[in-house]
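Notes follow once the structure below has been shown.
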Amino acid sequence: MDTEAANPSFSDGAHEPAVFFHMRLRPYRSLGPKGFRILMAAVLVANAIAGTIFVLRGAWPVFGFCGLDVLALFIAFRVSYHRAQFGETIELDRDALTVRVDL
């Protein structure tokens, strides 16, 4: 059996691997879409309850700030999920270590 035919990572007849290590790294996001919806619903309900209490006590401007909290949290999570698409590719071969940022 021919070693080069069985393993395509051998570059030339010297039987040395062309690439020793190749890895794509991306940030880990532990909160999935379902968890995100549950979290946002819980925060929305909690802020609505707190805002309603403030409105009933006469401090109606606080209700708007409770809505801003929910909006800020939503935007922060959307930015975080968007940045999860970015990553790095690390490749080690016989001659060099290459780190490439993937945008």
Side-chain angles (χ1 to χ4, degrees):
M1 180 172 160
D2 186 21
T3 308
E4 288 180 336
N7 190 350
S9 67
F10 287 109
S11 61
D12 54 8
H15 296 290
E16 293 182 25
V19 177
F20 296 111
F21 181 79
H22 178 83
M23 171 105 14
R24 168 114 164 86
L25 302 174
R26 292 186 341 180
Y28 178 69
R29 300 295 186 251
S30 60
L31 187 64
K34 183 178 178 182
F36 173 70
R37 287 191 298 271
I38 291 171
L39 176 68
M40 288 305 298
V43 169
L44 183 65
V45 168
N47 276 332
I49 291 170
T52 302
I53 290 171
F54 279 106
V55 167
L56 293 175
R57 294 189 180 253
W60 58 268
V62 174
F63 192 76
F65 287 106
C66 289
L68 286 177
D69 288 349
V70 174
L71 179 64
L73 185 64
F74 177 79
I75 291 171
F77 270 105
R78 297 304 296 176
V79 168
S80 175
Y81 284 132
H82 177 70
R83 289 188 178 170
Q85 298 171 0
F86 302 156
E88 296 176 340
T89 301
I90 299 174
E91 191 171 277
L92 176 65
D93 62 21
R94 190 174 20 180
D95 301 322
L97 171 67
T98 307
V99 178
R100 185 178 66 237
V101 177
D102 302 322
L103 299 177

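All values derive from a computational prediction rather than experimental measurement. Keep in mind that the numbers below use all heavy atoms, side chains included, and drop hydrogens, waters and symmetry copies.
- Counting heavy atoms of neighbouring residues, nucleotides and ligands inside a 6.0 Å radius, atom CZ of Arg24 exceeds 12 of them.
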Q.
With side chain to side chain contact (heavy atoms under 4.5 Å, CB included) as the criterion, how do Phe21 and Ile90 come out once you've worked through the C-alpha distance, each side chain's angles and the decisive distance to 0.1 Å?
A. CA-CA 8 Å; Phe21 181 79; Ile90 299 174; 4.2 Å; yes
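- Tracing side-chain contacts under 4.5 Å through hydrophobic residues (I, L, V, M, F, W, Y), one never reaches Phe63 starting from Val45; they form parts of separate clusters.
- Atom CG of residue Asp93 and atom CZ of residue Phe20 lie 7.5 Å apart, to the nearest 0.5 angstrom.
- Leu68 and Val62 sit in two unconnected hydrophobic clusters of ILVMFWY residues. Membership requires side-chain heavy atoms under 4.5 Å apart, directly or through other members.
- Ring geometry for Phe36 against Phe74 counts as tilted: the plane angle lies between 30° and 60°, on a 0 to 90° scale.
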(Q) Pair Met40, Leu44 - check side chain to side chain contact (heavy atoms under 4.5 Å, CB included), show working. (A) CA-CA 6 Å; Met40 288 305 298; Leu44 183 65; over 6 Å; no
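- Side chain of Arg29 to main chain of Ser80: a donor-acceptor pair is present (N/O by atom type, distance under 3.5 Å, no hydrogens or angles).
- The OG1 atom of Thr98 sits 10.5 Å away from the NE2 atom of His22 when rounded to the nearest 0.5 Å.
- The structure places CD of Gln85 at 11.0 Å from CG of Leu103, a figure rounded to the nearest 0.5 Å.
- If you chain together hydrophobic residues whose side chains sit under 4.5 Å apart, Val43 and Ile49 never meet in one group.
- Val70 and Val55 are not part of a single hydrophobic cluster, where members link through side-chain heavy atoms under 4.5 Å apart.
- A donor-acceptor pair under 3.5 Å is formed between the side chain of Thr52 and the backbone N or O of Ala48.
- Note that the CD atom of Glu88 and the CG atom of Leu25 stand 6.0 Å from one another [nearest 0.5 Å].
- At most 12 non-hydrogen atoms from other residues, nucleotides or ligands lie less than 6.0 angstrom from CZ of Phe65.
- In this structure, Leu39 CG and Lys34 NZ are separated by 14.0 Å, a value rounded to the nearest 0.5 Å.
- The neighbour count for Arg78 CZ, taken as heavy atoms of other residues, nucleotides or ligands under 6.0 Å away, does not exceed 12.
- The minimum heavy-atom distance between Pro27 and Ala84, with the atom names listed, is CD-O, 3.9 Å.
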